[in-house]
Engineer: 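Just passing along the structure, written as structure tokens.
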2 protein chains.
Amino acid sequence: MSVRLRPLQALKLWQEVGLATIRDHGVDLSARQAVILLTIYLEPPPHTVRGLASKLGVTKPVITRALNAMGDLDLVSRRRDPQDRRNVIIQRTVRGSLFVEQFGDLIVECAGTLPA
Amino acid sequence: MSVRLRPLQALKLWQEVGLATIRDHGVDLSARQAVILLTIYLEPPPHTVRGLASKLGVTKPVITRALNAMGDLDLVSRRRDPQDRRNVIIQRTVRGSLFVEQFGDLIVECAGTLPA
DNA sequence: TTTCCATGATACGGAGACGAAACAGTTAAC
DNA sequence: GTTAACTGTTTCGTCTCCGTATCATGGAAA
């Protein structure tokens, strides 16, 4: 069952959620960081720097820096792959799971108050 | 009639739309710029620098700079208010309308392909 | 008129992100 | 064992953005 959404509703939803995240002044991620975080938490592991860079169409340093920033916030964690020690496996954290979950709830809440 | 959306669908939708905008390499606005643009095109005019700054909870230079950037892209335009020449009235443009419209369609399209 | 207050724009220093290129570490090929 | 290829990271110069403070202009009040 697909989600039915009209253009005006979609735009309003984007505006409301954007407004909420800007004004909340809590953790504010850039658009790219948000997409990286969502990819890590929504798609099946394992996730690597190269894989994420390829999927998003950006360079590797972008991923490394985003992981540094989100690592400092305890939203993701990294460890070496024991099998192939060149690889870095990106792992989820408790705080990251909570953050993503709350973000999902925020969108759902905004969607619920949308006019017909 | 409110829009019904489940948390996992909402998160997937955000990821898909974010992915599309990152990879398109066309016009890429910051999160703040996007919210400003949507506010201009979704809420009834007139819009002023001060009003937008207050609504978003940011300082005035942020709005001025965003309007400069989006003005260079021909997404918005500005003119002095003839009544009170201190004010600047922010106006919509053809290109901006088209851009917002296409963005709305993108969200709707992503929503339509969402799994149950 | 002169003195305030309001508006939006600019100057400035600092912080952060970008891509290209060079880097250290690991594995594979020969 | 040496060379080559691949991983993620760092460096570099550049660019953009931020907030504070200041500026230039226009309106309102005395």
Side-chain angles (χ1 to χ4, degrees), chain A residues 18-19 21-40 45-92, chain B residues 18-19 21-40 45-92:
Chain A
L19 263 173
T21 54
I22 287 179
R23 307 190 70 166
D24 268 10
H25 274 73
V27 177
D28 66 322
L29 304 176
S30 73
R32 290 187 170 186
Q33 288 175 342
V35 172
I36 293 172
L37 191 71
L38 288 176
T39 301
I40 294 170
H47 297 288
T48 65
V49 172
R50 184 160 197 80
L52 290 173
S54 169
K55 179 169 188 68
L56 300 191
V58 297
T59 57
K60 290 189 292 174
V62 170
I63 305 296
T64 294
R65 282 186 294 253
L67 293 178
N68 287 340
M70 295 192 291
D72 290 345
L73 295 171
D74 196 28
L75 297 178
V76 296
S77 113
R78 281 180 281 191
R79 71 176 176 84
R80 284 279 164 192
D81 181 357
Q83 315 293 344
D84 185 340
R85 292 183 49 75
R86 287 175 299 185
N87 291 333
V88 163
I89 308 274
I90 294 136
Q91 296 179 295
R92 304 168 186 171
Chain B
L19 264 173
T21 55
I22 287 178
R23 307 191 68 165
D24 269 9
H25 274 73
V27 177
D28 68 321
L29 305 176
S30 73
R32 290 187 171 187
Q33 288 175 343
V35 172
I36 292 171
L37 191 71
L38 287 176
T39 301
I40 294 170
H47 297 288
T48 64
V49 173
R50 184 162 199 76
L52 289 173
S54 168
K55 180 171 186 66
L56 299 191
V58 297
T59 59
K60 289 191 292 176
V62 171
I63 306 296
T64 294
R65 282 187 294 254
L67 294 179
N68 287 341
M70 295 192 291
D72 290 345
L73 295 171
D74 195 27
L75 296 178
V76 296
S77 118
R78 281 181 282 193
R79 70 175 176 84
R80 284 279 164 191
D81 181 356
Q83 316 293 344
D84 184 339
R85 292 183 49 75
R86 286 174 300 185
N87 292 332
V88 162
I89 308 276
I90 295 136
Q91 296 180 296
R92 303 167 185 171

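Throughout, protein chains are lettered first and strands after them, A, B, ... in sequence-line order, and every chain is numbered starting at 1. Computed from a predicted structure; not experimentally measured. The figures that follow rest on heavy atoms only: side chains count, while hydrogens, waters and symmetry mates do not.
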Engineer: When you measure from the side chain of A:Pro61, which nucleotide among C:dA20, D:dG8, C:dT10 comes out closest?
Structural biologist: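 Of the candidates, C:dA20 comes closest.
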Engineer: For D:dA28, does either OP1 or OP2 sit under 4.0 Å from a side-chain N or O belonging to B:Arg86?
Structural biologist: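 Negative; the distance criterion is not met.
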Engineer: Which nucleotide in the set C:dA9, D:dT10, D:dT7 lies at the smallest distance from any side-chain heavy atom of A:Thr64?
Structural biologist: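 Given the options C:dA9, D:dT10, D:dT7, the side chain of A:Thr64 is closest to D:dT10.
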Engineer: For A:Gln33 and C:dA17, is the shortest distance between a side-chain N/O and OP1 or OP2 below 4.0 Å?
Structural biologist: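 So the side chain of A:Gln33 is within the cut-off, an N or O lying under 4.0 Å from OP1 or OP2 of C:dA17.
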Engineer: Considering every strand and a 4.0 Å limit on heavy-atom distances, what is the contact class for A:Val62: base, sugar-phosphate, or nothing?
Structural biologist: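 A:Val62: backbone/sugar contact only, no base atoms under 4.0 Å.
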Engineer: For D:dG19, does OP1 or OP2 lie under 4.0 Å from any side-chain N or O of B:Arg32?
Structural biologist: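 Result: yes.
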Engineer: Could you state the atom-to-atom distance from CG of B:Asp84 to C1' of C:dC5 in whole Å?
Structural biologist: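 After rounding, the reported distance stands at 12 Å.
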Engineer: Set out, in order, the CA-CA distance, both residues' side-chain angles and the distance that settles side-chain contact (heavy atoms from CB on, under 4.5 Å) for B:Thr21 and B:Asp28, then state yes or no.
Structural biologist: CA-CA 7 Å; B:Thr21 55; B:Asp28 68 321; over 6 Å; no
Engineer: Rounding to an integer number of Å, can you tell me how far B:Arg79 CZ sits from C:dA9 C1'?
Structural biologist: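 From B:Arg79 CZ to C:dA9 C1': 19 Å.
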Engineer: What is the separation between atom CE on B:Met70 and atom P on D:dC17, rounded to the nearest whole Å?
Structural biologist: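 Answer to the nearest Å: 10 Å.
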Engineer: Enumerate, atom names and distances included, each donor-acceptor pair closer than 3.5 Å involving a side-chain atom of residues 64-72 of chain B, sequence neighbours excluded.
Structural biologist:
| residue | atom | partner | partner atom | Å |
| --- | --- | --- | --- | --- |
| B:Asn68 | OD1 | B:Arg78 | NH2 | 2.3 |
| B:Asn68 | ND2 | B:Thr64 | O | 3.4 |

Engineer: Can you check whether A:Thr48 has a side-chain N or O nearer than 4.0 Å to OP1 or OP2 of D:dG8?
Structural biologist: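 Checking A:Thr48 against D:dG8: at least one side-chain N or O falls below 4.0 Å of OP1 or OP2.
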Engineer: So if I take every side-chain heavy atom of B:Asn87 and compare against D:dG8, C:dT26, C:dT7, which nucleotide ends up nearest?
Structural biologist: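 Closest nucleotide among those given: C:dT7.
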Engineer: Please state how far atom CD in B:Gln83 lies from atom C1' in C:dT7, giving the value in whole angstrom units.
Structural biologist: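 So the CD-C1' distance, B:Gln83 to C:dT7, works out to 16 Å.
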Engineer: Could you please name the option among C:dT7, C:dG19, D:dG8 that lies closest to any side-chain atom of A:Arg65?
Structural biologist: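 Of all the options, the side chain of A:Arg65 is nearest to C:dG19.
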Engineer: Just list the side-chain donor-acceptor pairs under 3.5 Å for residues 45-52 of chain B, sequence neighbours left out, or say none.
Structural biologist:
| residue | atom | partner | partner atom | Å |
| --- | --- | --- | --- | --- |
| B:His47 | NE2 | B:Ile40 | O | 3.3 |
| B:His47 | NE2 | B:Glu43 | O | 2.9 |
| B:Thr48 | OG1 | B:Gly51 | N | 3.0 |

Engineer: I want to verify a distance call: between D:dG8, C:dG8, D:dT20, whose nearest atom is closest to the B:Thr59 side chain?
Structural biologist: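 The listed nucleotide nearest to B:Thr59's side chain is D:dT20.
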Engineer: Over how many whole Å does the gap from A:Arg78 atom CZ to D:dT7 atom C1' extend?
Structural biologist: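 Distance, rounded to whole Å: 13 Å.
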Engineer: For B:Asn68 and D:dC17, what is the distance between atoms CG and P respectively, to the nearest whole Å?
Structural biologist: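 After rounding, the gap between these two atoms is 10 Å.
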Engineer: Under 4.0 Å, counting only non-hydrogen atoms across every strand here, what does A:Asp81 touch: a base, just sugar-phosphate, or nothing?
Structural biologist: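 The answer is nothing, as A:Asp81 stays clear of every strand by at least 4.0 Å.
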Engineer: Could you tell me the separation between the NZ atom of A:Lys60 and the C1' atom of C:dA24, rounded to a whole number of Å?
Structural biologist: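 Answer to the nearest Å: 12 Å.
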